[in-house]
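The next block holds one structure in the form of structure tokens; read it before the comments.
Side chains included, hydrogens not; waters and symmetry mates left out as well; all remaining heavy atoms used.
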Amino acid sequence: MLRHYGVDLLDWHRDRLSTRRLAVLIRHLPRDSALLSETDGEAAEWNTGDYLLAAVVDHLAAANWMFASVHSDEDAEPPERPVPVPRPGDGDRRGTPAPPEPTAAPEPEPQPLSPAELARFFS
């Protein structure tokens with residue numbers, strides 16, 4: 001906060017910075033901030049242009065592969081499919097598995113209510 005906006009985070013505790021203003025400043029932190037680097041990881045370094053460039057490279061590689069496949073001899077071994085450009089969060093595309101998503105513990109099965117508890121509830 002201090003690096004990007006010149007605002008000390010302790011100002012919030014000193015009642016010099018409102019909670020709303022702090023939320024707005026955090027929401028609009030630049031991509032190179034420590035908070036976004038920690039929460040988004042490598043994806044924080046990628047902007048829209050980087051994703052578009054990776055898509056262009058992938059499409060060109062696919063078009064070249066299709067051209068080579070169509071124009072090769074029928075008896076020749078087909079060319080290998082192109083490997084997509086690795087993107088942040090796509091561990092499975094690079095050959096390394098993506099980290100498993102945490103799963104919540106299953107909720108216990110609800111116990112049926114006894115007739116006395118049902119009567120007490122509806123009375």
Side-chain angles (χ1 to χ4, degrees):
M1 299 285 296
L2 190 59
R3 175 178 151 207
H4 295 289
Y5 300 122
V7 175
D8 190 3
L9 189 57
L10 290 176
D11 287 347
W12 183 71
H13 292 286
R14 297 178 188 134
D15 289 331
R16 294 184 203 151
L17 181 66
S18 70
T19 304
R20 180 174 183 263
R21 178 73 176 149
L22 178 64
V24 168
L25 292 176
I26 290 173
R27 196 170 295 124
H28 293 92
L29 277 170
R31 241 182 266 113
D32 65 338
S33 67
L35 177 67
L36 289 182
S37 296
E38 182 64 30
T39 57
D40 295 344
E42 188 182 339
E45 299 171 10
W46 280 56
N47 60 22
T48 305
D50 294 332
Y51 283 104
L52 289 173
L53 187 58
V56 167
V57 169
D58 289 345
H59 285 86
L60 282 174
N64 289 336
W65 172 76
M66 285 189 260
F67 182 83
S69 296
V70 169
H71 288 58
S72 62
D73 282 340
E74 291 180 13
D75 299 332
E77 191 170 316
E80 291 186 25
R81 292 181 147 248
V83 178
V85 173
R87 291 165 177 79
D90 284 349
D92 55 341
R93 283 184 147 180
R94 289 177 270 183
T96 58
E101 293 187 20
T103 56
E107 293 185 22
E109 196 70 28
Q111 298 298 323
L113 298 175
S114 67
E117 290 173 324
L118 285 173
R120 190 174 36 239
F121 177 78
F122 286 112
S123 61

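Separation of atoms CD (Glu117) and CD (Gln111) is listed at 10.5 Å; rounding is to 0.5 Å. Separating the OG atom in Ser33 from the CD1 atom in Ile26 is a distance of 10.0 Å, to the nearest 0.5 Å. One finds the CG atom of Leu29 at 6.0 Å from the CG atom of Leu35 (value rounded to the nearest 0.5 Å). Leu17 CG to Leu25 CG: the interatomic distance, rounded to the nearest 0.5 Å, is 6.5 Å.
Taking 4.5 Å as the limit, some side-chain heavy atom of Phe67 sits within range of a side-chain heavy atom of His71. Looking at heavy atoms from C-beta onward, His28 lies in side-chain contact with Tyr5 at the 4.5 angstrom threshold.
Hydrophobic clustering places Phe121 together with Leu113 (ILVMFWY residues linked when any side-chain heavy atoms are closer than 4.5 Å, directly or through intermediates).
Around the CH2 atom of Trp12, the shell of radius 6.0 Å holds no more than 12 heavy atoms that belong to other residues, nucleotides or ligands. Within 6.0 Å of the CD atom in Glu77, the count of heavy atoms belonging to other residues, nucleotides or ligands does not exceed 12.
Between the side chain of Arg87 and the backbone N or O of Tyr51, no donor-acceptor pair lies under 3.5 Å. Between the Asn47 side chain and the Gly49 main chain, a donor and an acceptor come within less than 3.5 Å of each other.
When every heavy atom of His4 is checked against every heavy atom of Pro30, the shortest pair comes out as ND1-CG, 3.3 Å. The two atoms that bring Asp58 and Pro84 nearest to each other are OD1-CA, 3.3 Å, heavy atoms only.
Salt bridge status for Arg14 with Asp8: present, with a side-chain N to carboxylate O gap under 4.0 Å.
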Can Leu22 and Leu9 be said to form a side chain to side chain contact (heavy atoms under 4.5 Å, CB included), step by step?
-> CA-CA 8 Å; Leu22 178 64; Leu9 189 57; 3.6 Å; yes
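Scanning for side chain to side chain contact (heavy atoms under 4.5 Å, CB included) contacts around Trp65 gives Ser69, Pro79, Arg81, Pro82, with sequence neighbours left out.
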